[in-house]
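Just below is one structure, and these are the notes that go with it.
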Amino acid sequence: DTGVSQNPRHKITKRGQNVTFRCDPISEHNRLYWYRQTLGQGPEFLTYFQNEAQLEKSRLLSDRFSAERPKGSFSTLEIQRTEQGDSAMYLCAVGRSSGNTIYFGEGSWLTVV
Amino acid sequence: KNQVEQSPQSLIILEGKNCTLQCNYTVSPFSNLRWYKQDTGRGPVSLTIMTFSENTKSNGRYTATLDADTKQSSLHITASQLSDSASYICVVSELIKAAGNKLTFGGGTRVLVKP
């Protein structure tokens, strides 16, 4: 257990619905990353926060995707008007400015039917 | 474009045997290289992390090596156990001043240990 909590762990939704995932990081870890991982592939970078500031967004993050980290602690990743291609595991990872270690959560599985 | 290539894509070994996984990267500027173990349906768990000046690092039966000149790394698993069955992912960090470490992931090597 890395101490990074992600909810929900699994979500099945109909195409066109909106979904939101939440990540609760270890305290005092100011860096937070979101990744997407499909079966048999390595994780792909989506976005990065340092405290509450969103410093980088991948071009994979289309306008249907939005991420927030309002108080620099927990973060949410929302997908609007879901498509079948959004089916994947969404991973949250955290780290500190002062260190190299990055901890991953267990991921949130999304299935769009 | 920064890339991390892993080989083989998958391998099957018998319990008790050793194996070595390879990772080649083109990430620059290099900050550090990590190996993660990922069980099916779970998040990656860190095994080792090495900076530019480190050539080898061990974590129990896992030993990672790094050759920063040739931009290659390997992960050696000694006396494999059934619980070693997982994907092993090589991750290379690019140092970005304002944004800290930017991680580039390899596609992983899927290891299956058979009794």
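Predicted model only: the values in this text are computed from it and were never measured. The chains referred to below are lettered A, B, ... by the order of the sequence lines, with proteins before strands, and numbering in each begins at 1.
- By the criterion of side-chain heavy atoms lying less than 4.5 angstrom apart, applied directly or through intervening Ile, Leu, Val, Met, Phe, Trp or Tyr residues, A:Tyr35 is grouped together with A:Leu39 in one hydrophobic cluster.
- Note: the hydrophobic cluster containing B:Leu82 does not contain B:Ile12 (ILVMFWY, side chain heavy atoms under 4.5 Å, direct or indirect links).
- Neither the backbone nor the side chain of A:Gln6 comes within less than 4.5 Å of any heavy atom of chain B.
- No more than 12 heavy-atom neighbours from other residues, nucleotides or ligands sit within 6.0 angstrom of NZ on A:Lys11.
- Your options are A:Gln37, A:Arg9, A:Glu44, and the one with the most heavy-atom pairs under 4.5 Å with chain B is A:Gln37.
- Using a 4.5 Å cut-off on side-chain heavy atoms (C-beta onward), A:Pro43 and B:Leu103 make no contact.
- B:Leu47 and A:Tyr103 end up in different hydrophobic clusters when Ile, Leu, Val, Met, Phe, Trp and Tyr side chains are linked at under 4.5 Å.
- Remark: the backbone N or O of B:Gly43 is paired with a side-chain donor or acceptor of A:Glu106 at under 3.5 angstrom.
- Heavy-atom distances place the side chain of B:Arg110, and not its backbone, under 4.5 Å from chain A.
- Both B:Tyr88 and B:Ile13 are part of a single hydrophobic cluster, where members link through side-chain heavy atoms under 4.5 Å apart.
- Proximity to chain A (any heavy atom under 4.5 Å) is shown, for B:Thr104, by neither the backbone nor the side chain.
- Considering all non-hydrogen atoms of both residues, B:Gln38 and A:Leu91 come closest at NE2-CD1, 4.3 Å.
- Heavy atoms of other residues, nucleotides or ligands lying less than 6.0 angstrom from CD of A:Glu68 number 12 at most.
- If you tally non-hydrogen atom pairs under 4.5 Å between each of B:Ser10, B:Gly41, B:Ser87 and chain A, the highest count goes to B:Gly41.
- Residue B:Leu112 qualifies as enclosed at atom CG: its count of foreign heavy atoms under 6.0 Å is above 12.
- Considering all non-hydrogen atoms of both residues, A:Ile102 and B:Tyr36 come closest at O-OH, 2.9 Å.
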